[in-house]
Amino acid sequence: MSKTYNILWIDDEHDHPEMEPFIIQAETIDIILHGFSNFKEGFANLNDNLNHYDAILLDALFLENENSETVNNKGLGASIAKINELKSKKAFPYFVLSGQPTFTEKENDILEANNLKCYNKKNADDVKELLKNIKEEADLQLDLQIKHENQLLFEVLKNYPDTARNTFISIFKGLKGLNNQFDDELYFTQLRIILETMFRMANACGLLHDKCVQINGNQVNLTESYRFLSGYDTKHLKISCSVTHFPKLISNNIENIIHTTGAASHTSVVDTTENIHIQAYRKDINTPYLLYSLALQLMDAIIWFDKYSKANNDIAINKSYWQDIDEDQYGNKFEIAAITNISESKWGTVILENGKRVSVYHGDVTSNNLSVGDPIKFTVTDSAKAQNIIKL
């Protein structure tokens with residue numbers, strides 16, 4: 001997997017056919033140029049996606065906003081001022097590329113004041129040097145180092161909201177010792193939001209039942225979703241899945257994340273004051289390592305899900321595994337299993353999927369004319385005896 005570099009590029013001619021060779025030249029060395037024609041739109045996008053971009057490329061003369069009619073150097077000045085303003089959040093390496101002689105062949109006040117070189121877009125050697133320098137300076141940025149060290153994860157995160165990428169970058173910075181002061185409530189909420197997004201994706205491809213993601217109109221019931229995908233009966237929605245999607249370890253990790261990060265199963269918002277286990281834990285241990293462990297487990301889960309959902313993307317087939325839980329008037333679940341044995345005394349035996357053995361009264365065996373191999377529908381009493389038997 002190649003190391004990609006995402007570059008914010010502001011040039012009023014970024015989409016001109018003449019720029020296509022430059023764009024292709026950049027892409028051949030894994031530099032992806034995201035073009036905007038004016039300062040306002042470009043930096044609005046940058047502000048919303050700080051952790052997505054690795055460097056900034058500016059034309060010398062471009063539009064200030066979408067309503068500007070002529071290009072000038074005001075956009076360049078405003079861009080440099082904004083880049084300096086953003087340093088407290090993220091320091092971006094930035095470069096100037098132009099074909100204007102007033103920038104490439106003469107002294108320029110803006111360039112001199114900011115100790116900048118203007119690369120000449122009409123000079124092949126200059127362009128080659130520019131692309132080389134973009135990669136070298138971007139490689140010094142910690143955010144990009146993190147993304148390159150964890151390429152598989154961040155490739156998957158392209159399908160998630162930008163906040164998911166930001167959350168994990170913060171976690172990785174913490175693991176590198178750069179920030180160990182985390183607000184449990186804030187980050188536990190973020191982890192649950194990422195998990196909620198994964199469950200919505202599972203529903204979109206038919207792996208997760210609609211009822212799990214339509215609680216109160218738009219909420220996701222995290223616990224019921226986990227149970228459904230793990231092959232367990234839901235506790236309240238009266239649905240189940242005949243196929244177990246989650247592997248055992250993924251299932252265990254998802255359950256741990258849900259139960260540890262919040263007291264409520266149906267919301268992504270966390271109030272740690274309601275979680276007595278977290279409160280007790282924090283009295284003795286006030287470190288970020290619990291958060292790190294949960295985040296790392298979630299990273300594995302979303303990487304697994306990306307691969308699994310691509311391999312199982314037939315919505316109709318996935319939905320065919322959805323089942324309604326049939327219950328009697330007292331809320332006892334009906335099971336379906338085949339008679340595995342009939343003793344000499346005419347008592348029958350069935351074995352449930354979880355391995356539990358259930359006895360069938362000899363009178364029911366006789367009255368229903370049951371034989372080994374016959375499937376029956378029934379409920380189970382506490383004494384592991386079949387009731388309400390229907391021969392199928």
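Counting from 1, the numbers follow the sequence of the chain as shown.
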> Of all heavy-atom pairs between I7 and Y53, which one has the smallest distance, and what is that distance?
Replying inline: C-CD2, 3.8 Å
> Mind checking whether I146 and L152 sit in one hydrophobic cluster, side chains of I, L, V, M, F, W, Y counted as touching below 4.5 Å?
Replying inline: yes
>> Suppose we screen for side chain to side chain donor-acceptor pair (under 3.5 Å). Which residues come up paired with K283, at least two apart in sequence or across chains?
In response: none
> If you draw a 6.0 Å radius around NZ in K122, do more than 12 non-hydrogen atoms from other residues or ligands fall strictly inside?
Replying inline: no
>> Ignoring hydrogens and geometry beyond distance, is a side-chain donor-acceptor pair present between H34 and N6 at under 3.5 Å?
In response: yes
>> Rounded at 0.5 Å granularity, tell me how far CD in E27 sits from CG in L33.
In response: 7.5 Å
> Is the backbone N or O of R227 less than 3.5 Å from a side-chain atom of S230, with the two atoms forming a donor-acceptor pair by type?
Replying inline: no
> Side-chain contact, heavy-atom cut-off 4.5 Å: Y292 with L294?
Replying inline: no
>> With rounding to the nearest 0.5 angstrom, report the CD1 to CG distance, I339 to D374.
In response: 7.0 Å
> Given S98 and N120, is the side-chain contact (heavy atoms from CB on, under 4.5 Å) satisfied, shown in steps?
Replying inline: CA-CA 5 Å; S98 177; N120 189 342; over 6 Å; no
> CG of L207 to OG of S225: how many Å apart, nearest 0.5 Å?
Replying inline: 12.0 Å
> Closest approach of H148 and T4, non-hydrogen atoms and distance?
Replying inline: NE2-O, 3.0 Å
>> Could you go through K356 and E335, starting from their C-alpha distance and side-chain angles, then the distance that decides it, and tell me whether this counts as salt bridge (charged side-chain N to carboxylate O under 4.0 Å, His left out)?
In response: CA-CA 12 Å; K356 181 178 179 180; E335 306 279 1; over 6 Å; no
> Counting N and O atoms only, with roles assigned by atom type, does the side chain of N84 sit under 3.5 Å from a partner on the main chain of I80, one being a donor and the other an acceptor?
Replying inline: yes
> Same cluster for L57 and I10 if Ile/Leu/Val/Met/Phe/Trp/Tyr side chains link at under 4.5 Å?
Replying inline: no
>> Run the side chain to side chain donor-acceptor pair (under 3.5 Å) test against Q145 and tell me which residues pass, sequence neighbours left out.
In response: none
> Stepwise, does the salt bridge (charged side-chain N to carboxylate O under 4.0 Å, His left out) test hold for E129 with K117?
Replying inline: CA-CA 11 Å; E129 181 186 2; K117 171 184 177 178; 3.0 Å; yes
> How close do D48 and D162 get, heavy atom to heavy atom, and via which atoms?
Replying inline: O-OD2, 3.8 Å
> Are any non-hydrogen side-chain atoms of Q141 and F92 less than 4.5 angstrom apart?
Replying inline: no
>> Using only atom types and a distance under 3.5 Å, with no angle test, would you say the side chain of T167 pairs donor to acceptor with the backbone of Q190?
In response: no
>> Show, in sequence, the C-alpha distance, side-chain angles and deciding distance for K121 and D126, and conclude whether the salt bridge (charged side-chain N to carboxylate O under 4.0 Å, His left out) test is met.
In response: CA-CA 7 Å; K121 66 171 61 175; D126 253 22; over 6 Å; no
>> If you take the centroid of each ring, where Trp contributes its six-membered ring, are F36 and W9 closer together than 6.0 Å?
In response: no
> Has L249 got more than 12 heavy atoms of other residues, nucleotides or ligands less than 6.0 Å from its CG?
Replying inline: no
> So does K238 have more than 12 non-hydrogen atoms from other groups sitting under 6.0 Å from NZ?
Replying inline: no
> Can you tell me if S251 uses its side chain to pair, donor with acceptor, with the backbone of P247 under 3.5 Å?
Replying inline: no
>> Please tell me whether Y5 and I83 are part of a single hydrophobic cluster in this structure, the criterion being side-chain heavy atoms less than 4.5 Å apart.
In response: no
> Would a distance-only check, ignoring hydrogens and angles, find a side-chain to backbone donor-acceptor pair under 3.5 Å from E255 to Y226?
Replying inline: no
>> For E18, is the CD atom crowded, meaning more than 12 foreign heavy atoms sit under 6.0 Å from it?
In response: no
> Are K147 and D54 close enough, and set up right, to give a salt bridge (charged side-chain N to carboxylate O under 4.0 Å, His left out), and what steps lead you there?
Replying inline: CA-CA 10 Å; K147 287 188 283 187; D54 307 308; 3.0 Å; yes
> Is any NZ, NE, NH1 or NH2 atom of the basic residue among R192 and E196 found under 4.0 Å from an Asp or Glu carboxylate oxygen of the other?
Replying inline: no
> For atom CD of E20, is the number of surrounding heavy atoms from other residues, nucleotides or ligands below 6.0 Å larger than 12?
Replying inline: no
>> Same cluster or not: V127 versus Y119, using hydrophobic residues (I, L, V, M, F, W, Y) connected whenever any side-chain heavy atoms lie under 4.5 Å apart?
In response: yes
> Is there a path of hydrophobic side-chain contacts, each under 4.5 Å between heavy atoms of I, L, V, M, F, W or Y residues, that connects F22 with I56?
Replying inline: no
> Would you say the side-chain atoms of S293 pair up with the backbone N or O of L290, donor to acceptor, closer than 3.5 Å?
Replying inline: yes
> Is there side-chain contact between V243 and H245, with heavy atoms separated by less than 4.5 Å?
Replying inline: yes
>> Minimum heavy-atom separation for L50 and K90, please, with both atom names.
In response: O-NZ, 2.9 Å
> Would you say the side chain of F199 lies within less than 4.5 Å of the side chain of L222, judging by non-hydrogen atoms?
Replying inline: yes
>> Is it the case that the side chain of N114 and the backbone of I110 share a donor-acceptor pair, with hydrogens and angles ignored and the cut-off at 3.5 Å?
In response: yes
> Atom CD in E224, atom CG in L229: separation rounded to 0.5 Å?
Replying inline: 11.5 Å
> Taking all atoms of both residues into account, what is the closest heavy-atom pair of L208 and W322, and its distance?
Replying inline: O-CZ2, 3.2 Å
> Does the side chain of I342 come within less than 4.5 Å of W347's, by heavy atoms?
Replying inline: no
>> Whether the side chain of Q100 engages the backbone of L61 through a donor-acceptor N/O pair (distance < 3.5 Å, no angle test) should be reported.
In response: no
Can you give each donor-acceptor pair under 3.5 Å made by side-chain atoms of residues 296-307, sequence neighbours left out, with the distance rounded to 0.1 Å?
unit_1: Q297; atom_1: OE1; unit_2: N256; atom_2: ND2; d: 3.4
unit_1: D306; atom_1: OD2; unit_2: K310; atom_2: NZ; d: 3.2

>> When you measure from the side chain of N341 to the backbone of V372, do you find a donor-acceptor pair of N or O atoms at a distance under 3.5 Å?
In response: no
>> With side-chain contact (heavy atoms from CB on, under 4.5 Å) as the criterion, how do Y361 and K385 come out once you've worked through the C-alpha distance, each side chain's angles and the decisive distance to 0.1 Å?
In response: CA-CA 7 Å; Y361 177 58; K385 180 180 175 182; 3.6 Å; yes
> Rounded to the nearest 0.5 Å, how far apart are OG of S37 and CG of D59?
Replying inline: 11.0 Å
> Do Y281 and N286 have side-chain N/O donor and acceptor atoms under 3.5 Å apart?
Replying inline: no
>> Restricting to non-hydrogen atoms, name the atom on I315 and the atom on A204 that form the minimum distance, rounded to 0.1 Å.
In response: CD1-O, 3.6 Å
> Can any side-chain N or O of N203 pair as donor or acceptor with the backbone N or O of V213 at less than 3.5 Å?
Replying inline: no
